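Report on the following structure.
Just so it is clear: chains get the letters A, B, ... in the order the sequence lines come, proteins before strands, and each one is counted from 1. Being a predicted model, the structure only gives us computed values, none of them experimental.
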Amino acid sequence: KAGVTQTPRYLIKTRGQQVTLSCSPISGHRSVSWYQQTPGQGLQFLFEYFSETQRNKGNFPGRFSGRQFSNSRSEMNVSTLELGDSALYLCASSLAVRGEGNIQYFGAGTRLSVL
Amino acid sequence: AQKVTQAQTEISVVEKEDVTLDCVYETRDTTYYLFWYKQPPSGELVFLIRRNSFDEQNEISGRYSWNFQKSTSSFNFTITASQVVDSAVYFCALGPQSYNTDKLIFGTGTRLQVFP
């Protein structure tokens with residue numbers, strides 16, 4: 001079974017641009033979550049999608065947005081990039097079984113550098 | 001508030017030494033889950049273990065073992081006879097038993113370096 005796939009792996013953008021990152025979950029997984037990892041703030045939760053609906057959101061500005069498609073694939077978008085957005089963006093998927101601490105399986109991430 | 005603390009920022013050991021990574025958590029939830037993940041240089045977070053708050057039984061898996069103590073809110077991880085391939089950043093995480101979220105609260109991680 002294929003794991004979580006994130007594309008692209010590396011991205012270089014300049015301030016003010018926007019970027020879209022893609023995530024394909026493990027087949028059969030219905031929930032997709034996004035996390036931002038930086039040396040200063042560590043791993044922080046961005047948002048989570050289930051059945052094409054955002055069901056939880058972290059404390060990030062509105063420049064960060066996402067969506068989930070009917071096949072569970074997800075994209076996240078960051079508009080008006082700032083230098084501080086440079087980070088490793090990790091996507092995770094789970095079976096989303098209700099009432100359980102679902103195991104999240106992570107992709108290799110997209111490393112975004114903003115110049 | 002929910003919080004996970006990994007006080008050890010970095011640990012260096014020589015191969016074959018045993019090493020314990022500490023994790024202390026805070027939550028007001030009566031039911032929750034605890035996780036350990038490993039992040040090698042490639043960047044991908046690799047799932048190691050999940051523990052339900054009701055299950056305080058310690059677990060051993062090969063060279064890995066976990067000690068969950070609810071009374072001290074700790075979930076420590078021990079690697080026996082460490083190997084160079086164990087070098088990575090290890091994260092402890094707290095998750096809900098929730099019907100509408102899988103959100104994880106991560107600790108800041110412990111970087112383990114195993115030297116030959």
(request) For B:K16, look at atom NZ and say whether over 12 heavy atoms of other residues, nucleotides or ligands are found less than 6.0 Å away. (result) no

(message) Distance check, rounded to the nearest 0.5 Å: A:N102 atom CG versus B:Y33 atom OH?
(response) 8.0 Å

(request) Please check if A:L95 and A:F106 belong to a single hydrophobic cluster, counting links between Ile, Leu, Val, Met, Phe, Trp and Tyr side chain heavy atoms closer than 4.5 Å. (result) no

(request) Would you mind checking which part of A:R9 comes under 4.5 Å of any heavy atom in chain B, side chain (CB onward), backbone (N, CA, C, O), both or neither? (result) side chain

(message) Is A:F50 close to chain B through its backbone or its side chain, or both, or neither, when contacts mean heavy atoms under 4.5 Å?
(response) neither

(request) Give the cluster check for B:Y25 versus B:W66: same hydrophobic cluster or not, with ILVMFWY residues linked at side-chain heavy-atom distances below 4.5 Å. (result) yes

(message) A quick test of your reading: do over 12 heavy atoms of other residues, nucleotides or ligands sit less than 6.0 Å from CZ of A:R15?
(response) no

(message) Just verifying a value: how many Å separate B:K103 NZ and A:Y35 OH, rounded to the nearest 0.5 Å?
(response) 8.5 Å

(message) Assigning hydrophobic clusters by single linkage (Ile, Leu, Val, Met, Phe, Trp, Tyr; side-chain heavy-atom cutoff under 4.5 Å), is B:F68 placed with B:V19?
(response) yes

(request) Go through the atoms of B:L104 and report whether side chain, backbone, both or neither lie under 4.5 Å from a heavy atom of chain A. (result) both

(message) Main chain of B:T101, side chain of A:E48: is a donor-acceptor contact present, judged purely on distance under 3.5 Å?
(response) no

(request) Look at atom CZ of B:R63 and say whether more than 12 heavy atoms of other residues, nucleotides or ligands are closer to it than 6.0 Å. (result) yes

(request) For B:E10, look at atom CD and say whether over 12 heavy atoms of other residues, nucleotides or ligands are found less than 6.0 Å away. (result) yes

(request) For B:I60, look at atom CD1 and say whether over 12 heavy atoms of other residues, nucleotides or ligands are found less than 6.0 Å away. (result) no

(request) Determine the option with the most heavy-atom pairs under 4.5 angstrom with chain B, choosing from A:L90, A:L43, A:L88. (result) A:L43

(message) Out of A:G42, A:S33, A:S31, A:G107, return the one with the most heavy atom pairs under 4.5 angstrom to chain B.
(response) A:G107

(request) Using non-hydrogen atoms and a 4.5 Å limit, figure out which bit of A:Q37 sits close to chain B: side chain, backbone, both or neither. (result) side chain

(request) May I ask you to say whether B:D102 pairs ionically with A:R55, meaning some side-chain N is under 4.0 Å from a carboxylate O? (result) yes

(message) Would you say that more than 12 heavy atoms from the other residues, nucleotides or ligands in this model lie under 6.0 Å from the NZ of B:K3, or not?
(response) no

(request) Could you tell me which portion of A:N56 (side chain, backbone, both or neither) has an atom closer than 4.5 angstrom to a non-hydrogen atom of chain B? (result) side chain

(request) Determine, using the 4.5 Å side-chain heavy-atom cutoff (strictly less than), whether A:L46 and B:L94 are members of one ILVMFWY cluster. (result) no

(request) Please indicate whether A:N71 has more than 12 foreign heavy atoms, meaning atoms of other residues, nucleotides or ligands, lying under 6.0 Å from its CG. (result) yes

(request) Tell me the residues of residues 36-53 of chain B whose non-hydrogen atoms fall below 4.5 Å from those of chain A, in number order. (result) B:Y37, B:Q39, B:S42, B:G43, B:E44, B:L45, B:F47, B:R50

